[in-house]
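Every value quoted in this text rests on a predicted model; they were computed, and no experiment measured them. Letters go in sequence order (proteins before strands), and every chain restarts at 1.
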Amino acid sequence: MARSSYEYPGYERSGVGYWSKTALLYVVVTAGALWMTLPFWWTITTSLSANPQASEVSFIPAAVTLQNFVQLWERPDILLVRWFVNTVIFAGAVTLFNLTFDSLAGYALAKLDFWGRDKLFLGFISTMMIPGMVTLIPVYLILVELDWTNTYQGLIAPLIAGPFGIFLLRQHFKSLPTSLGEAAKIDGCNEFQTFYKIYLPLAKPALATLAIFTFMGAWNNFQWPLIIANENEMYTLPVALFAVRNQYFAEWGLMMAAALIIVAPVLVAFLAAQNYFIRGMSLSGMKG
Amino acid sequence: MALEEGDAGGDDSFGSAARDYLGRGRTAAGRRVGVTEDQDNLMGWLFVAPNVLVFSMFLLGPVLFAFYVSFQEWSILRNAGEFVGLENYLTVLQPLPVTSEGLNLRVFTNPTENLFWYSLKNTVVYAVGTVPLQILGGLAVALMLDKRVRAKKAYRAAYFMPVMLSGAASAVMWRWFLSADGVINNFLRPIGLAHNWAGDPATALGGVMLMAVWGGIGSNMIFFLAGLQNIPEELYEAARIDGASRWHLFRHVTWPNLGNTNFFVIVMAVISAFQVFGIALVFSEGGPYYATTTTVLLIYQRAFDEGAMGEGAAMAFILFLIIFAFSYYQYKHQQSGEVEY
């Protein structure tokens, strides 16, 4: 039984000193947790208030109403369903492409032996250093030339592969035994079948992690859709929120209802698969 | 990021006896017998082809293209440019008052300052104010939630919740909390501190920073929790036998052994701080009076709102150099040994 890292000689789990320190610890941790979660609660209470004013929205709304949500649904210039569908298509397609391309590349970089492999990997990884803004202007100009602004392909294409996914999957494939592939080849599998039938199913945990974070990243992506989608019908939810914010400035009940609709799917997914999210986060960030 | 180099043959778990028996081992160079080098090369490049294509089209090509655009006066109508040499860089960097010609859509409140430098100042203030708090906050929470607290899962979930949130959504939320009749003033009014935090140039950037710290602690907490798992318990045992106090344990065991985590977390936090854009745009559109105009937001406004693509590209390149210099410095610093603070 491993002892706590914080024990040291003379430190007893009793006495006034211990209990007051423990109490202080809980006070600090709880205060921090409240700071993290209260904004979510305020967002909910504001979205349920008719005409949110300072004194009315605090911990419990004076009168609960759904009128903000009804308005989001009914206002003719708020294309809630369309924006929601756009976001699902955008995030879904980006996720599928990333899983496909990154697993192919990750596998090749981990298990195949080809000319220039290690340099290529280094090249992929170093692109993580390029700030988004540097490529944003030229990519936009390229897509203008292709006439892809305000289209799904324009939204999706620049995000269909990423160094992060390649890195994550390469590390995972590297950790799987090479003997599996050799056995498969003796049984007559070609390189692609070995990848697809043997290794890919074993990479499910890493694929799921990549799927979660790619989907979440695309769902919440603001910068790229803001630039490429400037017609009402092509907005994704975060961009639409920004546009709506300009029109209905200070209609806070409406804004908070809209914010909740963006947050809700991810938050529900997170609360349902919390451990997985957190494990994936540390795995994806730290494994090297 | 630590990269594993070499290891070209993979972790071959076939024993030599098995290889001999199957007759399909590897040559001394690690290549499988019966497969030519050309076939291997072709297969490998086929697997990476989609990524290579996407990277060259949307990353490497564009970086070169951006460099080209930064020397052009770009017309968005023709989607073509005219070579102007260093003019964009000079316009951006000139330490002279901003002229009405250079920024025709703006009325700058402080005409003795150049808007690019002003935005860099905002960005640096933002980075200096948020990065240490995000990192130290994340570390403190990770240490508190590592072992000693009951219900740590619930606490970790609570601290992680803001990470789930879209920047645009959190900016709208915090704008409301910090507005004149927002929720936070509910608590400050009784003690006479009510204020239009988001609408005052003196406090608006602080509001963006508060929101960023709120949203950044959770992810750093996770990275540090993962880092803490990797510290061998024996190191603590040994230090304890030597009579180390809890502070000494932290200072001489925990902190140095988080070296990789620290490097990763600091570089990531600084890079993302220098790229802050969306939350500032949604929170206040860079205002009031440019108080929250960060460099990337300025690039966005110049390039996409006002169509000055060449100037935007020039600013983006200067920012790129700044970020690159920082990352390179951190990398060298980390290689030279333990990170000391």
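Within the 4.5 Å cutoff, no side-chain heavy atoms of A:L104 are placed close to those of B:V48. Side-chain contact between A:L226 and B:Y300 is present, with heavy atoms from C-beta onward closer than 4.5 Å. Using a 4.5 Å heavy-atom threshold, the side chains of B:M43 and A:E191 count as touching. At a threshold of 4.5 Å between non-hydrogen side-chain atoms, the residues A:W35 and B:I217 count as touching. The closest side-chain heavy-atom distance from A:M256 to B:V172 is below 4.5 Å. B:Y68 is not listed as a side-chain neighbour of A:P138, based on a closest heavy-atom distance of 4.5 Å or more. Looking at A:I137 and B:F65, their side chains never come closer than 4.5 Å, going by heavy atoms from C-beta outward. Looking at A:M133 and B:F320, their side chains never come closer than 4.5 Å, going by heavy atoms from C-beta outward.
With chain B as partner, the option from A:V263, A:I227, A:V266, A:I262 having the largest number of non-hydrogen pairs under 4.5 angstrom is A:I227. Between chain B and the options A:G106, A:G162, A:G217, A:A105, heavy-atom pairs under 4.5 Å are most frequent for A:A105.
The aromatic rings of A:W42 and B:F187 sit tilted, their planes meeting at an angle between 30° and 60°. Relative ring orientation between A:F270 and B:F160 is described as tilted, the plane-to-plane angle lying within the 30° to 60° band.
When ring centroids are compared, A:F40 and B:W174 stay outside the 6.0 Å threshold. You'll find the ring centres of B:F47 and A:F195 inside the 6.0 Å limit.
For A:F97, the CZ atom counts as loosely surrounded, since its 6.0 Å shell holds 12 or fewer non-hydrogen atoms of other residues, nucleotides or ligands.
Contact of A:L120 with chain B is made through the side chain alone, with heavy-atom distances under 4.5 Å. Residue B:V52 touches chain A through both its backbone and its side chain, counting heavy-atom pairs closer than 4.5 Å. Looking at A:L237, neither its backbone nor its side chain comes within 4.5 Å of chain B, counting heavy atoms on both sides. Interface remark: B:T295 contributes no atoms to any contact with chain A (heavy atom separation under 4.5 Å). Heavy atoms closer than 4.5 Å to chain A are found in the side chain of B:A303, but not in its backbone. Only the side chain of B:I323 comes within less than 4.5 Å of a heavy atom of chain A; its backbone N, CA, C and O stay farther away. Heavy atoms closer than 4.5 Å to chain B are found in both the backbone and the side chain of A:A157. Of the atoms belonging to B:L210, heavy atoms from both backbone and side chain fall under 4.5 Å from chain A. The parts of A:T30 that come within reach of chain B are both its backbone and its side chain, each placing non-hydrogen atoms under 4.5 angstrom from that chain. For chain A, the nearby part of B:I271 is the side chain; its heavy atoms alone come within less than 4.5 Å. Heavy atoms of A:F101 lying under 4.5 Å from chain B belong to its backbone as well as its side chain. Only the side chain of A:L143 comes within less than 4.5 Å of a heavy atom of chain B; its backbone N, CA, C and O stay farther away. In this structure, the portion of A:Y140 lying under 4.5 Å from any heavy atom of chain B is its side chain and not its backbone. When heavy atoms are compared at a cutoff of 4.5 Å, A:V28 approaches chain B by way of both its backbone and its side chain. With a threshold of 4.5 angstrom between heavy atoms, A:D102 approaches chain B through its backbone and through its side chain.
Annotation for A:A259 and B:M173: closest pair CB-CG, 4.3 Å, computed over non-hydrogen atoms. Contact detail for A:F114 and B:G44: the closest heavy-atom pair is CD2-CA, 3.4 Å. Closest approach of A:V134 to B:A316, counting heavy atoms only: CG2-O, 3.5 Å. B:M57 approaches A:I142 most closely through the heavy-atom pair O-CD1, 4.1 Å.
Here OG1 of A:T127 is found 4.0 Å from CZ of B:F55. Values are rounded to the nearest 0.5 Å. Remark: A:L136 CG to B:F58 CZ distance equals 12.0 Å, nearest 0.5 Å. In this structure, CG on A:L112 lies 10.0 Å from CG on B:L46, to the nearest 0.5 angstrom.
The backbone N or O of A:A161 lies less than 3.5 Å from no partner atom in the side chain of B:N51, so there is not a single donor-acceptor pair. Side-chain atoms of B:W45 come within 3.5 Å of backbone atoms of A:W115 as a donor-acceptor pair (strictly under, hydrogens ignored). In this structure, the side chain of A:Q223 does not engage the main chain of B:G278 through any donor-acceptor pair within 3.5 Å.
Between B:Y159 and A:T37, the side chains place no donor N or O within less than 3.5 Å of an acceptor N or O (distance only, hydrogens not considered).
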Stepwise side-chain contact (heavy atoms from CB on, under 4.5 Å) check, B:W214 with A:M36: CA-CA 7 Å; B:W214 174 77; A:M36 293 292 147; 3.9 Å; yes
